[in-house]
Amino acid sequence: MRGASETERPAVCGSLLWAVRRCAARDAFCARSVYGLVLLDRRHSAMALYDTIISGGTVVTASDRILCDVAIKDGKIVALGSGLTGADEVIDATGKLVLPGGVDAHVHIAQPSGEGIVMADDFESGTRSAALGGTTTVMPFCLQEKGQGLRAALKDYHAKADGECHVDVSFHLIISDPTEQVLGQELPALVEDGYTSFKIFMTYEGLALKDREILDVMSVARDTGALVMVHAENYDAIRFLTEQLEKRGQTAPRFHATSRPIAVEREATHRAISLAELVDVPVMIVHVSNREAMEQIRWAQNKGLTVLGETCTQYLVLTEKDLDGLGMEGAKYVCSPPPRDTESQEACWEGLRTGVFTIFSSDHCPFRYDDPQGKLTPKGRTSFRWVPNGIPGVGARLPVLFSEGVMKGRIDLERFVAVTATNPAKTYGLYPRKGTIAVGADADIAIWDPTKTQTLTHDLIRDGADYTPYEGIEITGWPVHTLLRGKTVARDGEVVGQKGLGQHLSRAKSPFAVQRDPVAS
Ligand code: DUC
Ligand code: ZN
Ligand code: ZN
């Protein structure tokens, strides 16, 4: 067996091109893993060298695209090269794109959402939809209820998820009650245990933290190397506007958008950035919906602050007009921040293209529409303020971005991979295990047919909701085969195999939050 010489670059750090050339040059004799040297030697060819080869497709990473085969062994990618042979199973990907499975860094699954309201997805249905939509890792939130310890909250969420998932899962924490115990004991211990990111809210009854509390949480993040995600909307301003609207009888779902105008988001975004600057800690502003909020982030980035941004599907293809539907129809689009206008959509595309936004997520937060425990809760009919906040999207995220972004020339394929897989994996401490196609990475792969065209309907998405807000969009390109650690989990619109293949992932600290070893892989 030939090993890599001391002077060679470790394969996982190299570009895809480099790895391919290197494998091709050696006739795919050997491969290195991220975690050590591996034994792939032709002399053992009586036994299959590989479990699976994906042959003939165009492999795309965040930096390269190249025609080559991908060999998989024991759930890992072990070789990239041309003319690879010697596998138990060969998947013909001729004419297809071979992409890293998506990493959806912002989803809500089975999260308690208020009295009488039930989220539409459990971990089985939410991760089923993810697999069908080409996503192989989801990052849901574990919500700390007021008065609850974080460990207790995590125990509940693990109990809900364990054995149920079709794709891998890794929890962020939501801090709603930053007590001394939480800040001083639980959070630091949990960061060391691999829960390396937490979300805080600047709005919502029972969730909104005061500025002082935000500073306290940020300060723990700074001390522990965790990444703070911020829901940036001004709580008092929303309450003020909501009360005014209700006094005027303006209670239909469309007034949800009126109650949360851009200034509400812009102000909170700027405040979150300023608080993070004071503490000297990186911060991720999630679900950014418009140019003014994006400009706060760009301003901070230009100033040299580590401020990251995320935008989501709804801000690219929905507008406030979608909330106008007859009767309660608009409730299908109630989410926060609300979708804006076409200029805001353009700004979000620009942010994805230029890198102001590092990450593209779904903010999947599903409620059934025609259901008293969902969007049509009796209280919701009395005012928009009671309509459950959030829309489904984990299954639609990648097809919509591929079709509207890549196929319409707004972003290129490499950027698509970057914002949907590589960057989320890097940002939240899952890289290089997740988020790329490289020797040593988990074989989490979505094979796309870029020519497949269809009209988006809920039966293609198959989450637990009873609608998709993206119904009727004409989609070009579809993930026709999804593999999780080398095993097929979805193919041709059907989930394959048993639930329970998905595992919980403990994460490293974000490279944005801690100094990286400059030479480690
Ligand atoms: N914030 C989220 O992140 N998701 C859904 C609703 C919300 O306000
Ligand atoms: Zn939020
Ligand atoms: Zn969310």
Side-chain angles (χ1 to χ4, degrees), residues 103-114 117-121 126 130 135 138-144 157 169-176 197-209 214 217 227-235 237-239 242 253 256-257 259-261 264-265 268-269 271-272 283-290 293 297 308-315 318 323 331-340 357 359-368 374-375 377 380 384-394 396-397 424 428 463-465 469:
V103 177
D104 193 339
H106 186 151
V107 305
H108 304 263
I109 298 177
Q111 193 177 299
S113 306
I117 306 297
V118 178
M119 206 165 254
D121 272 318
T135 288
V138 294
M139 302 187 66
F141 292 89
C142 162
L143 168 69
Q144 176 202 21
Y157 279 83
V169 166
S170 188
F171 289 115
H172 307 286
L173 305 169
I174 290 176
I175 312 298
S176 68
S197 49
F198 21 92
K199 182 175 176 190
I200 55 175
F201 285 79
M202 299 172 83
T203 188
Y204 290 129
E205 188 73 39
L207 282 179
L209 300 189
I214 293 173
V217 173
L227 187 60
V228 181
M229 310 157 78
V230 183
H231 179 125
E233 289 185 296
N234 181 313
Y235 181 42
I238 292 168
R239 281 205 301 186
T242 299
H256 170 76
S259 74
R260 308 172 100 100
V264 159
E265 185 182 344
T269 301
R271 184 156 38 99
V283 70
M284 163 70 76
I285 309 294
V286 294
H287 46 50
V288 177
S289 72
N290 69 89
I297 299 171
L308 307 162
E310 171 201 76
T311 193
C312 309
T313 323
Q314 53 267 42
Y315 307 120
L318 301 180
L323 279 91
K332 288 181 176 173
Y333 305 92
V334 166
C335 61
S336 296
R340 309 289 185 185
F357 298 133
I359 288 182
F360 179 75
S361 304
S362 67
D363 195 2
H364 178 76
C365 186
F367 299 97
R368 289 172 56 79
K375 294 286 189 180
T377 171
F384 61 84
R385 97 152 81 183
W386 304 112
V387 173
N389 224 302
I391 59 177
V394 69
R397 174 184 76 124
Y428 293 112
D463 57 27

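Computed from heavy atoms alone, side chains included, the values below leave out hydrogens, waters and symmetry copies. Not measured: the values here are computed from a predicted model. Counting starts at 1 for both ligands and their atoms, following the listed order.
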Just which atoms of ligand 1 are under 4.0 Å from any heavy atom in Asn389?
-> 5 (C), 6 (C)
Hey, does Tyr235 have a side-chain heavy atom less than 4.5 Å from the side chain of Glu205?
-> yes
For ligand 1, is there an N or O atom under 3.5 Å from any N or O atom of Lys199?
-> yes
Identify, by atom number and element, the atoms of ligand 1 in contact range of Tyr204, meaning under 4.0 Å from any of its heavy atoms.
-> 6 (C), 7 (C), 8 (O)
Residues Arg340 and Ser289: side-chain donor-acceptor under 3.5 angstrom = yes
Could you tell me whether the side chains of His231 and His287 share a donor-acceptor contact shorter than 3.5 Å?
-> yes
Which is the closest N/O/S atom of His231 when seen from the Zn ion (ligand 2)?
-> ND1
A student checking ligand 1 against Asp363 at a 4.0 Å heavy-atom cut-off should list atoms 2 (C), 3 (O), 4 (N), 5 (C)
Output the distance between atom CG (Leu173) and atom CD (Gln144), rounded to the nearest 0.5 Å.
-> 9.0 Å
Starting from the Zn ion (ligand 2), look over the N/O/S atoms of His287 and name the nearest one.
-> NE2
So, does Phe141 sit close enough to ligand 1 that a heavy atom of it is under 4.0 Å from the ligand?
-> no
Met139 side chain near Pro424 side chain, heavy-atom distance below 4.5 Å | no
Pull out every atom of ligand 1 sitting under 4.0 Å from any heavy atom of His106, numbered as shown with elements.
-> 2 (C), 3 (O)
Mark up the atoms of ligand 1 that fall under 4.0 Å of a heavy atom belonging to Cys365, in ascending order.
-> 5 (C)
Relative to the heavy atoms of Ser336, which atoms of ligand 1 are at a distance of less than 4.0 Å?
-> 1 (N), 7 (C), 8 (O)
Check: Ser336/Asn389 side-chain N/O donor and acceptor closer than 3.5 Å | yes
N/O/S from Lys199 sitting under 2.8 Å away from the Zn ion (ligand 2) | yes
Please calculate the NE2(His108)-the Zn ion (ligand 3)-OD1(Asp363) angle and round it to 10 degrees.
-> 100°
Rounding to 0.5 Å, atoms CG (Leu143) and OH (Tyr157) come to a distance of 4.5 Å
Is the closest side-chain donor-acceptor distance between His364 and Asp121 under 3.5 Å?
-> yes
